[in-house]
Amino acid sequence: MSSASRFEILQDNPGARACLLGNLGIVRGALEAGLQFFSCYPGTPSSEIGDTIARIASDADIEFEYSVNEKIAVEVAFAASLTGARSMCAMKHLGLSSASDPISSMPYVGVEGGLVVVSAGDPSAITSPNEQDQRHYSKFQYYPVFDPATPEDARKMTRYAFGFSEETRLPVIMRPTTRVCHASGMVEFAALPAERNTVKFTKNPPRYVPIPVNARRMRLELTERFKKAETLLETSGFYPRTGSGRRGVIASGVAYAYTAQVLEDLDLLGEVSLLQVGAYPAPEKLLVAFLESVDSVLVVEELTPYVEELVSLVAFRHGRQISVLGKRSGHFREEFEYSPDIVEDAVRDYLALDRRKKSTVTIPKLPPRPPVLCPGCPHRTSFHIVNKVFGKKTVFCNDIGCYTLGYGEPLNACDVLLCMGSSISQASGIARMTGNRTVAYIGDSTFFHSGLPALANAAQANDAITVIILDNYITAMTGFQPSLSKNGDGDGAKRADGFSIEAAVRGLGVEDVSIVDPFDEDATKSVLKSAKAGSGLNVVICRSPCVVHEHRVSKDFHRAPFKITPEMCNACSACVRVLGCPSILVEGSEYTIDEELCDGCELCARICQHDAIQQVIPEDA
Amino acid sequence: MTAIDGGRNSAGWRILVAGTGGQGVLTVARVLCEGFVERGHDVVSGQLHGMAQRGGSVQSSVIIDGGISPVIASGRADFVLGFEPVETARAIPFMAAHTVVFMNTAPISPFVLAQRTVKKEDDASYPDIAELVSAVTAASPRTLALDATQCAVDVGSIKTLNMVMLGCLLGSGMLPCGADAFWSMVSEKMPPALRDANAEAFSKGVVFAGGLKEAGAAS
C-alpha cells in the first residue's frame with residue numbers, strides 16, 4: 001500500500017489525525033490490521049463500511065464482495081479466514097440474526113486468520129423494525145464483543161480485534177451503534193502493515209468439521225479459548241478509568257461518550273470514578289478492582305442491563321455489598337437510545353445534585369416530515385396501479401426496502417411486514433388460510449437476499465398469491481449498492497452481467513411470469529388483471545430504474561417538471577389523495593407543484609381529469 | 001468577543017445545523033469539519049436526525065474542540081443554523097439565552113400538510129412564520145432571521161442556500177477562524193460548477209452577519 005494513495009484512508013502516515021466517520025474508523029482499523037477479505041450485505045447504519053471498502057478494494061488488494069445476504073457474507077468470510085486471511089464482514093443487527101446459523105458454529109470450529117463480524121446496532125429502531133442488544137452474543141454464542149464509544153474506539157478496537165481473534169481462534173463481533181457509526185470524530189492513524197498473513201488452506205477435517213464427535217471436543221476447547229479471551233482483554237486498554245471519587249459510574253458504548261461529556265460539562269470528571277467497559281467478556285478482575293475503590297456504582301448502558309447484571313453478580317460473588325444502580329433502580333429505562341440529557345438527569349439524581357432547569361420556552365406545534373417515496377419513484381406508480389386492479393380488500397404483504405414507504409395513506413401498500421424476504425411467505429400463509437388471493441411486494445435485492453427460497457416454498461404449494469417484484473436495479477434504501485439484477489457500476493464490485501430475475505423465477509417452476517414497465521399504465525393494468533384472475537402462483541416484475549440513482553450516475557437524465565394551471569384545476573384533490581407525491585403542495589384550494597422537487601414522472605398529469613397538469617416547456621426548447 | 005456577544009458556554013463551539021433533506025445541511029456540516037480540522041482543531045460531528053430520503057428533517061451537529069459526545073445536550077448549542085423555519089423551531093430544545101441563531105425565513109411545506117388539507121384535518125396549514133420566529137427568539141434572543149433562500153436565488157441558484165447560512169456563521173466573527181481565511185481554505189475542494197455562485201452566496205451571509213455586528217442589532 002503506497003503512502004501517497006489517492007484515498008486518505010489508505011495513507012500510510014502513522015500519527016496523522018483525521019476526522020472520520022465511526023464506520024470509517026472500523027475500515028481504517030481493519031486496514032491497519034492487514035485486512036485481506038471483506039464481505040457485507042448493506043444495512044443502515046453499517047453500509048458505509050462496505051461502500052468504502054468497495055472503492056478502495058483494488059488499491060488495497062482486498063478481496064471484496066457485496067454478498068447476496070448476511071448468512072452468506074458470514075460464511076464466505078469465515079471460509080476466507082480458514083485460508084489464513086484476515087477477514088471481516090459487515091451488516092446491521094438484523095443481518096446478524098439472519099446469519100445466526102453459521103454464527104453459532106463458528107466459535108466451535110475456530111478461525112485461522114482473524115475474523116471480525118461487524119454488526120451495527122440501531123437502538124430506538126431508527127431505521128429498523130426492532131432494536132437488539134447484540135452484546136448477548138457474548139454469553140449466548142461465546143463471542144468476544146467489542147462495544148466502541150467513539151470513531152477512535154472503533155479504529156483501535158478493530159485493529160486489535162484481528163490479532164486477538166487469531167490468538168484465541170475466536171471470531172469476534174464488533175458492535176457499534178448508530179451514534180457511533182454515523183458520528184465523526186478525531187482518529188489517530190497507526191501504521192499500515194508491511195506484510196499480511198500468508199494464505200493457504202491446509203486440510204485438517206477434525207479441526208474444521210463439527211460433526212458431533214468433533215463438536216463435543218471443540219466445545220471443551222471453546223471454554224478454554226473463551227477464558228483466554230477474558231484474560232487477554234485485561235490488558236487490552238479498553239477499560240479506561242478516569243477520576244478518583246468514591247462514587248463510581250460504569251458506562252459502555254456511546255452512553256460512555258455521553259457520560260464523559262456530561263461529567264465534563266458539570267465539571268465533575270475528576271470527582272467521579274468513571275470506568276468504560278469496551279469489550280466482553282468484561283474481565284472480572286478489572287471489575288472487582290473498580291468495585292473495591294468505590295462506595296456505589298451507577299451503570300450507564302443502552303438497551304438491556306447487561307453490564308448492570310454482570311457487575312451485580314461480580315459484587316455478590318466477591319462479597320462487595322454496594323448498591324449497583326441503573327435500570328433496576330429506575331435511573332434508566334431499558335427501551336430506546338439514550339442522549340446526554342437522559343444521562344445528565346440520572347447522573348444528577350445519583351449525585352444528589354439539583355435537577356436540570358426545565359426550559360420555559362414553548363415549542364409551537366410543528367408538522368412532521370416523515371420519509372416518503374421520492375418524486376418520480378417507480379414504486380409509486382406500481383402501488384397506484386396495483387391498488388386500482390386489486391382493490392382495498394386484498395391483503396398486501398410488504399418487505400424491507402424503499403417500498404416499505406408505501407405503508408399508510410395514501411398508497412396503503414403494506415398490511416403486514418416482518419423481515420427481509422417475509423412478504424412472499426406471509427402471503428402464502430394468509431392466502432392459504434383465508435382462501436383469498438394475496439399480494440406480496442418485494443424489491444430486487446431483497447428478492448435475491450431471501451425471497452428466492454420463499455418463492456420456491458410458495459411454488460411447491462402453488463399458493464394463490466401474486467408476487468410483485470419491484471425491480472429498480474439497485475439497493476436504494478441503504479445507499480445505492482449494486483443489486484444482482486443489474487451489472488454493478490464499478491465501485492470495486494466484481495459482477496457478471498445482471499442476473500435474470502425472470503429466469504430464476506421460471507427455474508423454480510413458476511410459469512405465469514410477466515415483466516412490465518410500471519410507467520406504462522395500460523400494459524401494467526392488463527398484466528395485473530390477468531394475474532388477479534389467475535388460479536395459482538404468479539409473478540409480475542415491475543421494472544424501472546430508481547430515479548435518484550439515475551440522477552446520480554447520469555448528468556443527462558432529466559425530465560422536465562410539471563406545473564398546475566390554476567384556471568383548469570378545480571381542486572378535486574385526486575392527485576394528492578391518490579399519489580402522496582411530496583412535490584404537490586396545497587394551500588387552501590390552491591394546488592401547485594414544487595418544480596424543484598418534481599421529477600417529471602407524469603403520474604399526476606395522467607390522474608388529473610381536468611388536464612390541469614402540464615409539463616413545463618423548458619425556455620431554451 | 002464581537003458585538004453579538006454570547007455564543008459559547010463550553011470549552012469549544014457547539015453548532016447545530018437544521019433543515020430538510022436536499023437543502024445541503026450535511027454538506028455544511030462536512031465543510032465545517034474539514035475546514036476546522038485543517039486549521040488544527042479537534043472536531044466531533046454527528047447526524048442527529050434524519051433519513052436519506054428527500055424532504056425529511058435533517059439535524060447535524062458540529063462540535064469544534066472539547067467535544068466527546070456527537071449529540072448536543074438541551075440548551076447547549078452555541079450556534080444554530082436553521083435552514084427552514086419549522087426545522088429551526090424543531091431545534092428550540094438545543095437553544096438557550098446564549099445561543100446565536102441564524103434562521104432562514106423561507107418555508108418548505110411538509111408534504112403531510114397537503115394530505116391534511118385534502119382530508120380536511122386539523123393543523124393543515126404551514127405555521128405562521130412570524131410566530132415561528134418569535135418562538136425561536138423567545139428561546140434565544142440572539143436570533144437573526146433572514147430570507148437566505150432569496151439570497152441564494154439572487155446569486156443564481158437555490159442550491160447555494162447552505163453557503164449563505166455558512167457565511168452567516170463565519171461572518172459572525174465568533175468562530176476561531178475568519179470568514180475570508182475559512183473560505184479560501186474550503187472553496188478549493190468544492191466542485192467548480194457552483195464555485196462562483198457559492199462564493200457569492202457565502203459573502204452574502206458574511207455581509208448579513210457582519211452588517212448586524214456593526215449595527216449592534218443583535219446585542
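Lettering of chains follows the sequences in order, A, B, ..., and the numbering in each one begins at 1.
Under the 4.5 Å side-chain criterion, counting only non-hydrogen atoms from C-beta, B:Met190 is in contact with B:Met163.
Among A:Ser339, A:Ser184, A:Ala257, the residue making the largest number of heavy-atom pairs under 4.5 Å with chain B is A:Ser184. Between chain B and the options A:Ala149, A:Gly580, A:Pro151, A:Ala476, heavy-atom pairs under 4.5 Å are most frequent for A:Gly580. For the set B:Ser109, B:Pro110, B:Gly66, B:Ser61, the entry with the most heavy-atom pairs within less than 4.5 Å of chain A is B:Pro110. Considering only heavy-atom pairs separated by less than 4.5 Å from chain A, the leading option among B:Leu132, B:Val44, B:Asp42 is B:Asp42. Heavy-atom pairs under 4.5 Å with chain A were tallied for B:Ala89, B:Cys33, B:Ala138; the largest tally goes to B:Ala89. Contacts with chain A were tallied for B:Glu131, B:Lys119, B:Gln115, B:Glu34; B:Gln115 has the most, counting heavy-atom pairs under 4.5 Å. Comparing B:Val43, B:Leu113, B:Ile92 by how many heavy-atom pairs each has under 4.5 Å with chain A, the most go to B:Val43.
Residue A:Tyr256 does not touch chain B at all, counting heavy-atom pairs closer than 4.5 Å. Both the backbone and the side chain of B:Ser74 come within less than 4.5 Å of a heavy atom of chain A. Looking at B:Thr20, only its side chain comes within 4.5 Å of chain A, counting heavy atoms on both sides. B:Val112 touches chain A through its side chain: at least one heavy atom from C-beta onward sits under 4.5 Å away, while N, CA, C and O do not. In this structure, chain A has no heavy atom under 4.5 Å from any part of B:Ile63. Looking at A:Val586, the atoms closer than 4.5 Å to chain B (heavy atoms on both sides) sit in the backbone and in the side chain alike. Contacts between B:Val37 and chain A at a heavy-atom distance below 4.5 Å involve the side chain alone, from C-beta outward.
Side chains of A:His551 and A:Asp599: a donor on one and an acceptor on the other come within 3.5 Å. Side-chain contact annotation: B:Thr149 with B:Asn104, donor-acceptor N/O pair under 3.5 Å present. Judged by distance alone, the side chains of A:Ser583 and A:Asp594 never bring a donor and an acceptor atom under 3.5 Å apart.
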I would like to know whether A:Glu302 and A:Arg179 meet salt bridge (Lys or Arg N to Asp or Glu O under 4.0 Å); could you show each step before the answer? CA-CA 12 Å; A:Glu302 290 177 327; A:Arg179 302 301 173 192; over 6 Å; no
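Counted within 6.0 Å of CD on B:Glu121, heavy atoms from surrounding residues, nucleotides or ligands total more than 12; the atom is thus considered enclosed.
Applying side-chain hydrogen bond (donor to acceptor under 3.5 Å, both in side chains) to A:Gln276 and the options A:Asp153, A:Thr259, A:Thr242 leaves one that passes, A:Asp153.
Two rings, from B:Phe36 and B:Phe182, have their centers less than 6.0 Å apart.
Under a 3.5 Å cut-off, the side chain of A:Arg348 and the backbone N or O of A:Asp354 do form a donor-acceptor pair.
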